[in-house]
Amino acid sequence: MKVRLGFVAMTLRLENCSPSKTITLKNLEKISGYEHRIGRLTAIAKENLENTLRILRANQYDRIQVYRFTSKLIPLCTHPQFRTWNYCEVLSRELKAVGDFVKEHKMRVSMHPDHFTLLNSPNPDVLQASILDLEYHTNVLEAMGLDTDTKIVLHVGGKYNQRVEALERFKSQFLHLPERIKSRITVENDDRSFTAAEVLKLCKDIKAPMVFDLHHHQVLHQGEDVSDLWPEICATWENTGLPPKVHLSSPRDDQNPRYHADFIDADAAVDFLNIIRPFDKDIDFMIEAKQKDMALIRLSQDLKARGFTMNGLAEFIL
DNA sequence: ACCTGTCAAGTCTGG
DNA sequence: CCAGACTTGACAGGT
């Protein structure tokens, strides 16, 4: 089985290469005239897309196949004030360049909306904003020319004091989404509301692939063994032709177990790999650490030092 | 060059 | 009912 390592959004291997540059509304308002404001936003988005392409090129050089785009590629585009901005058209060349590179090098990319995108909110305004945000993510991926293999990772959302109802509401609100959004969504277990076992059941019901977050599972669970969950998690990916995705991070310390550490605890990663090894399924290991791709490189070295067979910096064969 | 308060967006807890 | 925590990255203004 193959284990491919990937990382999220920002690189520390390149200088001045933020793909998430933004501008606050307050500062944008200092620019007079709608057209000038849109011009500024467009310039920032172009810079973000150029830097994203630089990151992908560096990844290609290092043979890192797995990467998550930042959600901040196009600043403020879902703000009510800029609802009519046709960013995909204005940025079509830049978006397509990114998508073409991804396809040319057979990379697997994804997106993960921020924590205020809550498909299960009982508040219609929050739901509406969440749908608009999902639409934005979908628009961008479509403009890149990436098909529904390029997934959008979501959490279930809040508990709202009624966890069962909150789960049900996710289901019904999910089912009402347009197909082009629905077909991209994968759901991840979180560390305060919904366990891996609950998300697994949800994913089976709505026929969406499940992203397994190992650290979240360690923080929030009801004693389920990973080895019991794993085959069923893999089954949710069966029709996609994609390797199941696992999120990997380590707690900063005992006081802040939910806070992401700078690097990945290789022993925890190895324990997990040993548990899933008998099932012999390829996975994508998405590293969520403060030190971003530097954490990937360190984990890679640590795995190599523990005797795992390496095929390039970011691929291991078990 | 470095430090600090602020930022569009939500939820949850504790007072 | 409201303030603060949670948590994340980056801007922008100040030194």
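First the proteins, then the strands, lettered A, B, ... as listed; each starts at 1.
Within the nucleic acid shown, A:Leu76 comes within 4.0 Å of at least one base atom, counting heavy atoms only. Backbone-only engagement by A:Ser121 is indicated by non-hydrogen atom pairs under 4.0 Å involving sugar-phosphate atoms exclusively. Residue contacts for A:Lys26: at a heavy-atom cut-off of 4.0 Å it reaches the sugar-phosphate backbone alone, with no base atom in range. Among the heavy atoms of the strands, none lies under 4.0 Å from A:Ser130.
When the C1' atom of B:dA8 is taken as reference, atom CG of A:Asp125 falls 14 Å away, rounded to whole Å. Spacing between atom NE2 of A:His112 and atom C1' of C:dG9 amounts to 15 Å, rounded to whole angstrom units. Following rounding to the nearest Å, A:Phe116 (CZ) and C:dT7 (P) show an atom-to-atom distance of 16 Å. A:Glu29 places its CD atom 14 Å from the C1' atom of B:dT6, with the value rounded to the nearest Å. Between A:His216 atom NE2 and C:dT7 atom P the separation is 10 Å, expressed in whole Å. We find that CG of A:Asn123 is positioned 12 Å from C1' of B:dT11, with the value rounded to whole Å. Between A:Gln128 atom CD and B:dA9 atom P the separation is 17 Å, expressed in whole Å. Remark: C1' of C:dA10 and CG of A:Leu25 are 16 Å apart, rounded to the nearest angstrom.
The aromatic rings of A:Phe101 and A:His105 lie tilted to each other, with the angle between the two planes from 30° to 60°. The aromatic rings of A:His155 and A:His216 lie tilted to each other, with the angle between the two planes from 30° to 60°. Using the six-membered ring where Trp is involved, A:Phe212 and A:His217 have ring planes that are tilted, between 30° and 60° apart. Between A:Phe170 and A:Phe174, the angle of the ring planes stays under 30°, which puts this pair in the parallel group of the 30/60° scheme.
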Side-chain donor-acceptor contacts of residues 309-318 of chain A below 3.5 Å, not counting sequence neighbours, with atom names and distances?
unit_1   : atom_1 : unit_2   : atom_2 : d
A:Asn311 : ND2    : A:Glu315 : OE2    : 2.9
A:Glu315 : OE1    : A:Arg4   : NE     : 3.3

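Listed nucleotides: B:dG10, C:dA12, C:dA10. Nearest to the side chain of A:Leu118: B:dG10.
OP1 or OP2 of C:dA10 has at least one side-chain nitrogen or oxygen of A:Ser18 nearer than 4.0 Å. In this model, the phosphate group of B:dC12 is not approached by any side-chain N or O of A:Tyr160 to a distance below 4.0 Å at OP1 or OP2. Taking side-chain N and O atoms only, A:Lys292 has a distance below 4.0 Å to OP1 or OP2 of C:dG9. OP1 or OP2 of C:dG9 has at least one side-chain nitrogen or oxygen of A:Lys290 nearer than 4.0 Å.
Every residue meeting the ring pair (Phe, Tyr, Trp, His ring centres under 6.0 Å) condition with A:Phe285, not counting sequence neighbours, appears here in chain and number order: A:Phe272. Scored by the ring pair (Phe, Tyr, Trp, His ring centres under 6.0 Å) test, A:Phe69 finds A:Tyr67 as partners (sequence neighbours excluded).
A:Asp293 contributes atom CG, which lies 12.0 Å from atom CG of A:Leu5 (distance to the nearest 0.5 angstrom). One distance of note links NE2 of A:His215 with CD1 of A:Ile264; it measures 9.5 Å at 0.5 Å rounding.
The gap from the P atom of C:dT8 to that of B:dA1 amounts to 28 Å, rounded to the nearest Å. Separation of the P atoms belonging to C:dG13 and B:dA8 is 13 Å when rounded to the nearest angstrom. Comparing the P positions of B:dC3 and C:dT7 gives an interatomic distance of 23 Å, to the nearest angstrom.
Every stem involving DNA chain C, taken as at least 3 paired positions in a row under the Watson-Crick or G-U wobble test at 3.5 Å, is listed here: B:1-7 with C:9-15, B:10-15 with C:1-6.
Looking at A:His137 and A:Ser71, their side chains come closer than 4.5 Å, going by heavy atoms from C-beta outward. The shortest side-chain heavy-atom distance between A:Leu202 and A:Leu167 falls under the 4.5 Å cut-off.
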Enumerate all atom pairs, one protein N or O and one N or O from nucleotides 13-15 of chain C, separated by less than 3.5 Å.
unit_1 : atom_1 : unit_2  : atom_2 : d
C:dG13 : OP1    : A:Lys30 : NZ     : 2.6

Below 3.5 Å between N/O atoms, which protein atoms pair up with nucleotides 13-15 of chain B? Just atom names and distances, please.
none

Next item on the list: Starting from the C-alpha separation in whole Å, work towards a yes-or-no answer on salt bridge (charged side-chain N to carboxylate O under 4.0 Å, His left out) for A:Asp149 and A:Arg184.
Entry: CA-CA 7 Å; A:Asp149 282 355; A:Arg184 291 189 188 266; over 6 Å; no

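Side-chain atoms of A:Glu188 and A:His112 form a donor-acceptor pair, as typed in the model, at a separation below 3.5 Å.
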